[in-house]
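Being a predicted model, the structure only gives us computed values, none of them experimental.
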Amino acid sequence: MNSLYMISFIIGTILVYQGMSLLYKRFHSPLLVPIATTTFILIMFLLLFSIPYDTYMIGGRWIDELLGPAVVALAYPLYQNRKALKKYFTPIFVGVISGTTTGILTGIYMAKLFSIDLKTMLSLTTKSVTSPVAIDIAEMIGGIPTLAVVYVMVAGISGAMFGPIFLKMAKINHYIGVGLGFGTASHGIGTAKALEIGKSEGAISSVSMIISAIYAAIICPIIIRFFI
């Protein structure tokens, strides 16, 4: 039975995503970004048929395992753009540090503004970091890892949906700026969106995501001490 669940959920998830990708290509609306619509459909499906999340993950975890190889694969466009990385090292580094710090602080101040409890606030601070690192940081500072993942997904999906609009409004069109924005604010999902725009944007985004994760793991516990 487990094998049947595994195959069914793997195939079902892939088919839904492919269908949503075709829909996105046809209409190309920010509200139809495949990662967002696929997630929504899967959640509705599980709720409608009262299927526990753990049951879905019998197959879903195999898709989740592909995140690691996908991140490693980003090394190729990174290598292709190594000269640009050397040339723009300072703006990239400064941009990631300032962006990540802003992401952490906005999470904290939003939590305080709405009088959110401490554990939720600690989980919210990791919202702009890729999920494996966010889980570790949340555990380290006393947050709730599963809740941290939810916030990471919200940040990633919203960045992929509305990031291009904000970048256009801010008149940011250089591939360094675009890549920095997606990688720093929306991690892996943002990087996938950046790759959709161009290989150079995707390469810079992957670098930004990695630097952001390392920096957040170091600075987040330090910043938190001033607020608890």
Go through the steps to decide whether Ile108 and Ile224 satisfy the test side chain to side chain contact (heavy atoms under 4.5 Å, CB included), and finish with yes or no. CA-CA 8 Å; Ile108 293 173; Ile224 285 298; 3.9 Å; yes
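- Between the side chain of Thr101 and the backbone N or O of Ser98, no donor-acceptor pair lies under 3.5 Å.
- In this structure, Asp136 and Glu139 have side chains that are in contact, with non-hydrogen atoms separated by less than 4.5 Å.
- Residue pairs meeting the ring-ring contact (aromatic ring centres under 6.0 Å, His included) criterion with at least one member in residues 124-149, sequence neighbours excluded, do not occur.
- Applying the ring-ring contact (aromatic ring centres under 6.0 Å, His included) test to pairs two or more places apart or on separate chains, none has a residue in residues 116-145.
- By the criterion of side-chain heavy atoms lying less than 4.5 angstrom apart, applied directly or through intervening Ile, Leu, Val, Met, Phe, Trp or Tyr residues, Ile222 is grouped together with Tyr109 in one hydrophobic cluster.
- Contact of the Val133 side chain with the Thr126 side chain is not registered, since no non-hydrogen atoms from C-beta on lie closer than 4.5 Å.
- By the side chain to side chain donor-acceptor pair (under 3.5 Å) test, Thr13 is found to be paired with Tyr56, residues two or more places apart in sequence or in another chain being considered.
- Summarising the hydrophobic clusters (Ile, Leu, Val, Met, Phe, Trp, Tyr; side-chain heavy atoms under 4.5 Å, direct or chained), the residues clustered with Tyr17 are none.
- For the pair Leu23/Met20, a side-chain contact is recorded, criterion being any heavy-atom separation below 4.5 Å from C-beta on.
- Remark: Ser158 pairs with no residue by the side chain to side chain donor-acceptor pair (under 3.5 Å) rule, at least two apart or across chains.
- Partners of Phe45 under the side chain to side chain contact (heavy atoms under 4.5 Å, CB included) rule, at least two apart in sequence or in another chain, are Phe9, Phe49, Ile51.
- Using a 4.5 Å heavy-atom threshold, the side chains of Ile141 and Cys220 count as touching.
- Between Ile135 and Val149, the closest side-chain pair of non-hydrogen atoms falls below 4.5 Å.
- With sequence neighbours excluded, no residue forms a side chain to side chain contact (heavy atoms under 4.5 Å, CB included) with Leu48.
- Criterion: ILVMFWY side-chain heavy atoms under 4.5 Å apart, direct or through other members. Under it, Val150 and Phe40 are not part of a common hydrophobic cluster.
- Apart from Leu113 itself, the hydrophobic cluster it occupies contains Phe114, Ile116, where clustering links Ile, Leu, Val, Met, Phe, Trp and Tyr at side-chain heavy-atom distances under 4.5 Å.
- For CE of Met44, the number of neighbouring non-hydrogen atoms (other residues, nucleotides, ligands) closer than 6.0 Å is greater than 12.
- The hydrophobic cluster containing Leu122 also contains Ile137, counting ILVMFWY residues as joined when their side-chain heavy atoms lie under 4.5 angstrom apart, directly or transitively.
- When the side chain to side chain donor-acceptor pair (under 3.5 Å) test is applied to Thr106, the partners found at least two apart in sequence or on another chain are Lys127.
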Dump the intermediate steps for side chain to side chain contact (heavy atoms under 4.5 Å, CB included) on Val96 and Leu180, then the final yes or no. CA-CA 7 Å; Val96 172; Leu180 275 172; 3.5 Å; yes
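- Under the ring-ring contact (aromatic ring centres under 6.0 Å, His included) criterion, the residue pairs touching residues 172-217 are Tyr88-His174, with sequence neighbours excluded.
- Lys83 has its side chain out of reach of Lys86: every pair of non-hydrogen atoms, C-beta onward, lies at least 4.5 Å apart.
- No side-chain heavy atom of Glu201 sits under 4.5 Å from any side-chain heavy atom of Leu195.
- Val178 has its side chain within reach of Ile197: a pair of non-hydrogen atoms, C-beta onward, lies under 4.5 Å apart.
- Residues Met153 and Leu31 fall within the same hydrophobic cluster, defined by Ile, Leu, Val, Met, Phe, Trp and Tyr side chains chained together at heavy-atom separations under 4.5 Å.
- For residues 124-169, no pair satisfies ring-ring contact (aromatic ring centres under 6.0 Å, His included), with sequence neighbours left out.
- Residues that satisfy the side chain to side chain donor-acceptor pair (under 3.5 Å) test with Ser212, not counting sequence neighbours, are Thr100.
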